[in-house]
> 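If you scroll down you'll find the structure; I have some questions about it.
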Amino acid sequence: MALFRSLYAAYGAQHWWPAETPFEVMLGAVLTQNTAWTNVERALDQLRAQIPLSPEAVLALETPVLAELIRPSGYFNVKARRLCSFCTALVEAGGESVLAALPTDELRRWLLAINGIGPETADDILLYAFERPVFVVDAYTRRLFRRLGLIAGDEGYEQIRQRVETALGPDTALFNDYHALIVRHAKDVCRARKPGCECCLLNRSCAQRAPD
DNA sequence: TGCCAGGGATTAG
DNA sequence: CTAATCCATGGC
């Protein structure tokens, strides 16, 4: 909580996720897997230029065509398949409105059953598309928590998530800003990226480096 | 110029 | 069951 306050004091409210609709959040969550957001924006722009952003319109594209449109986001063949499996599951389930009626745990299980949706992508979608009180654990979060001594480092994803959620209570607005602030912090922390520099706790190459 | 990015699935040991 | 390895573009 002290960490959250200091990040919030530094950067203020983040108003995430950068998207117009819940479905756009879902697309972005898959496209941003291990990828810089600027590349995802290019991919989404190209996609938006060709089709309305709906699961049906995505499924109407041939997979190779979809792959070409999202090329700038990297891993485009893999991600094209992932978007197809996701959209197929979404349509089969009856759409967002049906899913929105499910309890959070059930919705998470539904997401994790889809090929290409892992724990972080599922939680991005739960928090930023369905507005559920879920704490998202990404590579930055792990690295930062570990270097601050908040975790040992060998914890599993669920363990970290539940620990934070238990400590801070179910608070969608709080978790929204918390994850966004950690990512925001990563953008302007230490640009030196030299082994030995002690300027930050987040970059992979900086001092206090420990196995991620 | 090489390293890294808002991971996840598959294969190897 | 944990540890590589693959997927790939763009910014710095």
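Residue numbers begin at 1 in each chain, while the letters A, B, ... track the order of the sequences.
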> What is the distance from CG of A:D154 to P of C:dC1, rounded to the nearest Å?
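Distance check: A:D154 CG to C:dC1 P gives 17 Å.
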> Counting only side-chain N and O atoms of A:T35, is one of them less than 4.0 Å from OP1 or OP2 of C:dG10?
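Negative; the distance criterion is not met.
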> Does A:Q159 reach the main-chain N or O of A:Y157 with its side chain, forming a donor-acceptor pair under 3.5 Å?
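Not a single qualifying donor-acceptor pair exists.
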> Counting heavy atoms from C-beta on, name the nucleotide in B:dG8, C:dG11, B:dA5 closest to the side chain of A:T38.
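Nearest to the side-chain atoms of A:T38, counting from C-beta on, is C:dG11.
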> Check A:L59, A:L66, A:L61, A:T63 against A:L83 for a side chain to side chain contact (heavy atoms under 4.5 Å, CB included) and give me the one that passes.
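By the side chain to side chain contact (heavy atoms under 4.5 Å, CB included) criterion, A:L83 pairs with just one of A:L59, A:L66, A:L61, A:T63: A:L66.
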> Take atom CG of A:L31 and atom P of C:dC7, then tell me their distance rounded to the nearest Å.
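Value for this atom pair: 19 Å.
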> So, OP1 or OP2 of B:dA5: does either fall under 4.0 Å of a side-chain N or O from A:R143?
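Result: yes.
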> B:dG7 P sits how many Å from A:I70 CD1, rounded?
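Between P of B:dG7 and CD1 of A:I70: 16 Å.
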> Take atom P in B:dC3 and the same atom in C:dT5, then report the distance between them in whole Å.
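Roughly 15 Å separates the two P atoms.
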> Does A:R81 use its side chain to pair, donor to acceptor, with the backbone of A:A67 at less than 3.5 Å?
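Pair absent, no side-chain N/O of A:R81 close to backbone of A:A67.
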> Looking at A:I125, A:D123, A:L107, which one forms a side chain to side chain contact (heavy atoms under 4.5 Å, CB included) with A:R132?
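Of the listed options, the one satisfying the test is A:L107.
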> What is the separation between atom NZ on A:K187 and atom C1' on B:dA5, rounded to the nearest whole Å?
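From A:K187 NZ to B:dA5 C1': 9 Å.
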> Is A:R48 salt-bridged to A:D45, cutoff N-O under 4.0 Å?
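Looking at A:R48 and A:D45, the cut-off is met.
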> Could you list all N or O pairs between the protein and nucleotides 11-13 of chain B that sit under 3.5 Å apart?
none

> Rounding to a whole Å, what distance do you find between A:I117:CD1 and B:dG8:P?
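Rounded to the whole Å, the gap is 8 Å.
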> Does anything in residues 73-93 of chain A reach DNA chain C, meaning a heavy atom under 4.0 Å, and if so which residues?
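Residues of residues 73-93 of chain A that come under 4.0 Å of DNA chain C are, in numerical order, A:G74, A:Y75, A:F76, A:N77, A:V78.
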> Under the criterion side chain to side chain contact (heavy atoms under 4.5 Å, CB included), which of A:T172, A:L111, A:D105 is the partner of A:L126?
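Exactly one candidate clears the test, A:L111.
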> Count the heavy atoms belonging to other residues, nucleotides or ligands that lie under 6.0 Å from CD of A:E20, then report whether that count exceeds 12.
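No, not enclosed.
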> Does A:R71 place a side-chain N or O at less than 4.0 Å from the phosphate oxygens OP1/OP2 of C:dC7?
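No, no such contact exists.
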> What's the closest nucleotide to the side chain of A:N115 if the choices are B:dG7, B:dA9, C:dG10?
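The answer is B:dA9, which lies nearest to the side chain.
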> Whole angstroms only, please: what is the CG-P distance between A:N34 and C:dC7?
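Distance, rounded to whole Å: 14 Å.
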> Please tell me if the side chains of A:F175 and A:E165 come closer than 4.5 Å, counting only heavy atoms from C-beta onward.
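Yes. Closest side-chain heavy atoms under 4.5 Å.
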> Could you tell me the separation between the CG atom of A:L66 and the P atom of C:dA8, rounded to a whole number of Å?
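These atoms are roughly 13 Å apart.
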> Taking CD from A:Q46 and P from C:dT9, how many angstroms apart are they, rounded to a whole number?
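It works out to 13 Å between those atoms.
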> Distance check, P atoms only: C:dA8 and B:dT10, in whole angstrom units.
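One P to the other, the span is 14 Å.
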> In terms of side-chain heavy atoms of A:N39, which of C:dT9, C:dA8, C:dG11 is nearest?
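From the listed options, C:dT9 comes nearest.
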> Does a side chain donor of either A:T141 or A:D138 reach within less than 3.5 Å of an acceptor in the other side chain?
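The answer is yes; a qualifying pair exists.
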> My understanding is that only residues two or more places apart in sequence, or in another chain, count here; which of them pass ring-ring contact (aromatic ring centres under 6.0 Å, His included) with A:W37?
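Here the qualifying residues are A:W17.
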> Want to settle it: does A:H179 or A:G116 sit nearer the 5' end of DNA chain B, counting the closest nucleotide to each?
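It is A:H179, whose closest nucleotide lies nearer the 5' terminus.
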